[in-house]
Protein chains: 2
Amino acid sequence: MSLSEPLKTHKATLLAALEGDDARLHGLLPELRSADIAEILETLVEDDQDMPQALALFSRLPLERRASVIGHLPGDEQLAITEALDDEVLLAILEEMGADERTDLFKTLGDDRREALLRRMARQEREALKRLASYAEGTAGALMTSDYVAIPAGLTVSRAMMRVRQTAPDAETVYQLYIVDPDGRLAGTLSLRQLMVARPGARVDDLMIHEVIHTRVDVPQEEVARIVARYDLLALPVVDAERRLIGIVTHDDAMDVVESEATEDIHKGMSIGALEGGVRRVPLWSLYRKRVFWLVLLVFGNLFSGAGIAYFEETIAAQVALVFFLPLLIGSGGNAGAQAATLMVRGMATGDVGIKDWGKLLGRELLVAGALGLTMALAVAPIGVIRAGEAVALVVAVSMIAIVLFGSLLGMCLPFVLDRLGWDPATASAPLVTTLIDASGVVIYFGFATAMLSTP
Amino acid sequence: MSLSEPLKTHKATLLAALEGDDARLHGLLPELRSADIAEILETLVEDDQDMPQALALFSRLPLERRASVIGHLPGDEQLAITEALDDEVLLAILEEMGADERTDLFKTLGDDRREALLRRMARQEREALKRLASYAEGTAGALMTSDYVAIPAGLTVSRAMMRVRQTAPDAETVYQLYIVDPDGRLAGTLSLRQLMVARPGARVDDLMIHEVIHTRVDVPQEEVARIVARYDLLALPVVDAERRLIGIVTHDDAMDVVESEATEDIHKGMSIGALEGGVRRVPLWSLYRKRVFWLVLLVFGNLFSGAGIAYFEETIAAQVALVFFLPLLIGSGGNAGAQAATLMVRGMATGDVGIKDWGKLLGRELLVAGALGLTMALAVAPIGVIRAGEAVALVVAVSMIAIVLFGSLLGMCLPFVLDRLGWDPATASAPLVTTLIDASGVVIYFGFATAMLSTP
């Protein structure tokens, strides 16, 4: 990983300060964010040689900084650091962390280490951690934190305010408050802003919004992020099957989901499976596995193109010059089709396009693809004339329009068909669409050639 | 646009309530978010026939609801609604809106309308609006709002708290406060949480964080969003060249940027230019224009494949069976190459991969692509034997390894080369990479064929 220039300077300063006393090191800290220290630490952990420096730096940070810095590290680096810490220190750090980050860190540890740590925890703490760790990855449950401010229904504004002050240091956010009934069910919500301007003697029940936007613990994380984005929320409360409030997902975690889901969609669009961690750090074996499946499948898909060619072998043998235009025609169809598929898949992922829009979009794509095909036919026709005469040029131009039109419609419709079949529309990746269009393009091109060139 | 089932129900209820009095309509509103009403309104505006209903619904909403709903509408729908409003009503709505959304709405209006509105505004208001509207699209300036809480340096905690209470209804967020010196320069920041637990007589200068993460007004919006995400900020202060505080970018707007930048990157990856608005609503002409440029350019790129084929016409004529494997080989190379390019481009966009990582990543890609090529060669070899004998099968297998390896390396390196040349690495789109690999694949395949098949 390469650091930005300011971070490089900070790294040098930090490492130099390690030679001095704690006061010198701690004097630097106000200028440095935990995310930055984590990134500097990451570059040290990556290189075995620098590992002692990484540990020295980490262990000399104040406890709350250690908790916040380790929360910003990726899983592998977290593990590398925790392996060098004894149980007592690690427990203290865990205690200092937010509940969601504590759970994530806990999940990276080996079974033995987890058991050892759990044994040393107080029962309540242990149960809470085990529960948070039990929710399936990629759901609201795995994303949420239990550090929220819950206000019992019936409290006055001034009592609620006191409660906020008390929980301020621990809660992930104190700016959105959740009012719960005696059974722990989510009854309403109130912003701190509303609380601040309210009459101290008023009751929260009379001020709160009853219709709280919330989500269920088993809802997929992309759906959670979409709700947070749609309603501009600071935090989204998460409830269990009995509508009991069990956590909140904060805006910053939702934003990370938007980013990582986009990466996953981009990779899927090129038939790459979901990677754990960035391309720079994922193990080679895993990178191979995530790419090979579709590549090999598409080798067999491409056999249809071969079969098409074999079927028209006579036409080709009679006029080898036709092969000159083959990559151009199937390539163009593939490009146009992949564009159409990509526009649909992304539209469906962001919620801009629904299955009901299919008819209208089909009409639009027909017009746009027709215009594209015509433009490309006009671009290629002169080359056809120069290279192989007017007859072949006409075949090439007509084929271009037909292939681009067919390819675009296929690319546009495929995501809808997949969605209807209950598959992820993103399966209509560029490589899949391109392969399908290659095969059809061969048939269209040589079909036109056989029909149009045999007569004279 | 297709509404979700709950929204359909809400739409029916709202339209039914239009028949009754205001009390009935307003009774429904607490249940409905402005984002939802906007979406319902959008479906009405889209259909000319339903436009009167759209206007009836909109004009019967309370003023603050109208301001918030119109802020959630896309530009075209905003324009359709505002055209039906007289200046006085529109002015009242504008006044009620947040400064950032007011500016966005203002920008959608025609020149005459803008002039008419500006003439009716108070001078201070007019200048503020003109200034916000003057920042370039896609920068921090165009994204920010001027509704933030600025606290003059030197204030006590209790005075600062009073200031927060006063500005609470207008500010976009009151949870992060910015302390400015007498020249308006950003001097520090303080969260409301910190202020609440502080001693009332303390001075904000002694509590505030001096090293404020901030950005310049001309910084691109993707960079702004990255800072907000990296440091988990509620809002990012924006300063001018003299470090004077002029606005803040809030977390919800930054999240929208992450989403729209991802869409832009996904489209770029398939050689589609940036679309204004979703695929469903963008004008056909614009959709054509954004797709045609690269498609036509790549038609000419594909001529190199044709030229390669022409060069080897003798080899092909002597053994037409070779053409059977051509789409398969160049397709596979293109797929592997597009995967490699996509991994790099996305890694560079998220900041996971930097130009300094090039060497390490090259080694990794060499290994992975070698393994992929070998696997695909093993998959295709039996088909080669069955179809065209062992000699051709060997040519096909060797070509497969060479093409996948070459394609992957090309796909991996191209984004770095483009970046070095000062271009957007995303220019290394799947269609471009595929076209380049098609041409090289033709030469590699027929080159091996000519060399290996001519001897016996």
Side-chain angles (χ1 to χ4, degrees), chain A residues 2 31 33 35 168 174-175 193 197 211 229-232 251-252 255 258-259 262-263 266 270 272 278-280 284 287-288 291-292 296 299 302 305-306 309-310 313 317 320 323-324 327-328 331-332 335 338-339 342-343 346-347 352-354 356 367-368 371-372 375-376 379-380 430-431 438, chain B residues 2 31 33 35 168 174-175 193 197 211 229-232 251-252 255 258-259 262-263 266 270 272 278-280 284 287-288 291-292 295-296 299 302 305-306 309-310 313 317 320 323-324 327-328 331 335 338-339 342-343 346-347 352-354 356 367-368 371-372 375-376 379-380 430-431 438:
Chain A
S2 47
E31 281 180 48
R33 313 287 150 179
V174 299
Y175 303 134
R193 184 197 288 223
V197 295
E211 306 289 330
R230 178 181 175 88
Y231 299 108
D232 297 343
H251 65 95
D252 49 321
M255 194 162 177
V258 173
E259 178 98 10
T263 299
I266 287 174
M270 224 55 70
I272 306 167
V279 62
R280 210 168 36 79
L284 286 182
L287 199 54
Y288 167 83
R291 288 172 66 179
V292 77
V296 169
V299 165
N302 265 310
S305 307
I309 289 172
E313 214 158 75
V320 177
V323 184
F324 178 91
L328 190 157
S332 296
N335 290 343
Q339 285 186 340
T342 301
L343 286 169
R346 182 60 183 168
D352 178 45
V353 168
K356 301 249 172 69
L367 288 171
V368 173
L372 291 172
T375 314
M376 292 157 84
V380 82
D438 278 2
Chain B
S2 45
E31 280 179 49
R33 313 285 149 181
V174 298
Y175 303 134
R193 186 196 286 223
V197 296
E211 306 290 332
R230 178 181 175 90
Y231 298 108
D232 298 343
H251 65 94
D252 49 321
M255 193 163 177
V258 173
E259 179 98 12
T263 298
I266 287 175
M270 223 55 68
I272 306 167
V279 62
R280 211 168 37 78
L284 286 181
L287 199 54
Y288 167 82
R291 290 171 65 179
V292 77
L295 285 180
V296 169
V299 163
N302 264 310
S305 308
I309 289 172
E313 216 159 72
V320 177
V323 184
F324 179 90
L328 190 157
N335 291 342
Q339 285 186 340
T342 301
L343 287 169
R346 182 61 184 167
D352 178 44
V353 168
K356 300 250 174 68
L367 288 171
V368 173
L372 289 173
T375 313
M376 291 156 85
V380 82
D438 277 3

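Throughout, protein chains are lettered first and strands after them, A, B, ... in sequence-line order, and every chain is numbered starting at 1.
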(Q) Just so I understand: if I count every heavy-atom pair under 4.5 Å between each of Val296(A), Ile272(A), Val292(A) and chain B, which residue has the most? (A) Ile272(A)
Q: Examine distances only and state if a side-chain atom of Tyr175(A) and a backbone atom of Arg193(B) form a donor-acceptor pair shorter than 3.5 Å.
A: yes
Q: Applying salt bridge (Lys or Arg N to Asp or Glu O under 4.0 Å), name anything that partners Arg33(B), two or more places apart in sequence or on another chain.
A: none
Q) Which pair of non-hydrogen atoms, one from Ala310(B) and one from Phe324(A), has the smallest distance, and what is that distance? A) CB-CD1, 4.1 Å
(Q) Just verifying a value: how many Å separate Met270(A) CE and Asn335(B) CG, rounded to the nearest 0.5 Å? (A) 9.5 Å
Q) Which residue out of Asp438(A), Leu287(A), Ile266(A) racks up the most heavy-atom pairs below 4.5 Å with chain B? A) Ile266(A)
**Q.** Heavy-atom proximity to chain B below 4.5 Å, by part of Leu328(A)
**A.** both
Q. Heavy-atom distance under 4.5 Å to chain A: side chain of Arg346(B), backbone, both or neither?
A. side chain
Q: Of all the heavy-atom pairs spanning Pro327(B) and Ile309(A), show the shortest one and how long it is.
A: CG-CD1, 3.5 Å
Q: Count the heavy-atom pairs under 4.5 Å between each of Ser332(A), Gly331(A), Ala317(A), Pro431(A) and chain B, then report the option with the highest count.
A: Pro431(A)
Q) Among Thr342(A), Val380(A), Thr263(A), Leu367(A), which residue forms the greatest number of heavy-atom pairs with chain B at distances under 4.5 Å? A) Thr263(A)
Q) Who among Met255(B), Met376(B), Gln339(B) has the most heavy-atom pairs with chain A under 4.5 Å? A) Gln339(B)
Q | Residue part contacting chain A, namely of Leu284(B), when any heavy atom lies under 4.5 Å | A | both
Q | Segment of Tyr288(A) engaging chain B (4.5 angstrom heavy-atom cut-off) | A | both
Q: Quick one: which of Glu313(A), Arg291(A), Glu259(A) has the most heavy-atom pairs under 4.5 Å with chain B, could you say?
A: Arg291(A)
